[in-house]
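Following: one structure in C-alpha cells, then a few remarks.
FYI, side chains are in, hydrogens and waters are out, and symmetry mates aren't considered; it's all heavy atoms of this structure. Note on naming: letters A, B, ... go to the chains in the order of the sequence lines (proteins, then strands), and numbering restarts at 1 for each one.
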2 protein chains.
Amino acid sequence: MKLSTRGRYGLRAMFDLAMNESQGPIPLNEIADRQNISESYLEQLFAILRREGLVNSVRGAHGGYLLGASPNEIYIGQILRTLEGDIAPADCVRNEDVAGCMDADACVTRIIWEKIRDSINQVIDSITLEDMVNQQRLINSKKGSNSSKDDWVIRCNN
Amino acid sequence: MKLSTRGRYGLRAMFDLAMNESQGPIPLNEIADRQNISESYLEQLFAILRREGLVNSVRGAHGGYLLGASPNEIYIGQILRTLEGDIAPADCVRNEDVAGCMDADACVTRIIWEKIRDSINQVIDSITLEDMVNQQRLINSKKGSNSSKDDWVIRCNN
DNA sequence: TTAAAGTATAGTAAATTAGTCGGGATTCGG
DNA sequence: CCGAATCCCGACTAATTTACTATACTTTAA
C-alpha cells in the first residue's frame, strides 16, 4: 500500500520546481542533486509529466523545466495520478481497468475499497503545490535566522 | 498504491467467517472454494491472523477457524494492518520503520503522507465485520426471492 | 486407526519496481 | 561554426516483492 518512487520522487521534484519558480528553467541535474534522486530516472518521470502538461521543457544550453501552470493550479492529485495511475487500493475501483468485477453493486468489499479510494482522493485533490510552498516557507521562517537557502531540501527518500 | 493479496484475500476470508459465524468452525478449504483463493496461501494468512488473535483455530477433523471476537468488535483496520503492516503511502509515516527521516518536522511531503495515511485509517478503523455483514444482508434482501444461499460470495479477485 | 483438519517453514516463479545505458536532437555562448 | 549543456527516447537489467507451492509435520473426531 505504498506509493512507488515514481509518485514520491515526482512530487518532490515538482515541489522543487515550485520552490524555484522564479529562477527560470531548472535543469534536471540541479533537482537530482538537491533531492538526491538519479538524474536519468528523473528524466523518465519528467517525460511523463511533460506529456501531461504538468511541466514545460526548454531545450538546449540553459534549458530545463518549468511548471506547466501556476503552483496554485497544480493539485498533487494530478501529479500522483499522472505518475502512478489512479490511486486505489484494488483494481476493481480504478477507472482505468474497470476490470470486470461482475455483480459489482452487490460486492461489499468493493464498497470498502471505494471508501478508501475516495478518502485518499479527497486529500490529494485538495492540496496544491502552492499550499506546499506556503507551508514550507512558514516552517522556514519559524526556524529563524539560521536558516540557509536550501533549508527546504528534502533529504530522505520517502 | 494497491493493497497486496494478503490484505484483500484476508479481508474476504474474514468476511466469509463472519457470514458463517453460526456454523461452528469453518475449514479453510470451504473458504478457499467459496472465495476462489488457494488453500495453502490462505493457511499462511490465517497463521498470521491467529497469532494476532483475530481468529481461533480448532484442530483435527471437523476443525476449522472461528472469529476471535464478535464481528462488531473486529475492525477491518485490524485485519488489514495485521496482514499488511501499517497502511501508509511512504515508509517515513509508518510506526514500524520510523525510518530515520531527519528533520521530519520540517518535511512538507511528509505532512502530505501523514494526511493520506490518516484519512485511510479513519475509514478502515470505523468499519467492523458486522457492518459488512449487515450491508450484505441488506443487499441480498433487496434482491428478493431469487437470492441463493451463496449470494454474498465474492467472485472477483480484488 | 485413519482421514480431516491445522501448523510450520522453506523454496520458487512471476511480476513489478527502480533504476541504468547509449545514443540522439536542440540551443546557447563564444 | 563548435562544443558544452540540456532535453529526448527507447531498450535493457538488476533487485525486490509478491503470490504462491511443496513438504513434512501435529492434532483430533469418528
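- Judged as a salt bridge (charged side-chain N to carboxylate O under 4.0 Å, His left out), and not counting sequence neighbours, B:Asp33 has no contacts.
- Here B:Glu114 pairs with B:Arg110 under the salt bridge (charged side-chain N to carboxylate O under 4.0 Å, His left out) rule; sequence neighbours left out.
- Taking 4.0 angstrom as the limit, A:Asn29 places none of its side-chain polar atoms (N or O) nearer than this to OP1 or OP2 of D:dA5.
- Here the CE-CD1 distance, from A:Met132 to A:Ile76, works out to 6.5 Å after rounding to the nearest 0.5 Å.
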List the protein contact pattern of nucleotides 20-30 of chain D with one symbol per nucleotide (5' to 3'): B for base contact, S for sugar-phosphate-only contact, - for none; contact means a heavy-atom distance under 4.0 Å.
-> BB----BBBSS

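- Computed from coordinates, the B:Leu45 CG to D:dA19 P distance equals 10 Å when rounded to whole Å.
- Which of C:dA5, C:dG6, D:dA19 sits closest to the side chain of B:Ser4 comes down to D:dA19.
- Distance CD1 (B:Ile48) to C1' (D:dA19): 12 Å, rounded to an integer number of Å.
- Taking atom OH of residue A:Tyr65 and atom P of nucleotide D:dA5, one finds them 18 Å apart after rounding to whole Å.
- Other residues sharing a hydrophobic cluster with A:Tyr75 under the 4.5 Å side-chain heavy-atom criterion for ILVMFWY residues do not exist; the residue is a singleton.
- Computed from coordinates, the A:Asp33 CG to D:dT6 P distance equals 11 Å when rounded to whole Å.
- Summarising the geometry, atom CG belonging to A:Asn56 is positioned 10.5 Å from atom CG belonging to A:Leu17; distances are rounded to the nearest 0.5 Å.
- In this structure, CZ of A:Phe46 is placed 14 Å from P of D:dT6, rounded to the nearest angstrom.
- Qualifying side chain to side chain donor-acceptor pair (under 3.5 Å) partners for A:Glu30, counting only residues two or more places apart in sequence or in other chains: A:Arg34.
- For the salt bridge (charged side-chain N to carboxylate O under 4.0 Å, His left out) condition, the pairs that include at least one residue of residues 116-130 of chain B, sequence neighbours left out, are B:Arg81-B:Asp125.
- Of the residues in residues 49-57 of chain B, those lying under 4.0 Å from DNA chain C by heavy-atom distance are B:Arg50, B:Ser57.
- Spacing between atom CG of B:Asp91 and atom C1' of C:dA18 amounts to 14 Å, rounded to whole angstrom units.
- If you measure from atom CG of A:Leu28 to atom P of D:dC9, you get 13 Å, rounded to the nearest angstrom.
- Rounded to a whole Å, the CD1 atom of B:Ile31 is 16 Å from the C1' atom of C:dA4.
- Grouping Ile, Leu, Val, Met, Phe, Trp and Tyr by side-chain contacts under 4.5 Å, direct or through others, puts A:Leu66 with A:Val58.
- Within the structure, salt bridge (charged side-chain N to carboxylate O under 4.0 Å, His left out) contacts touching residues 56-77 of chain A (residues at least two apart or in different chains) do not occur.
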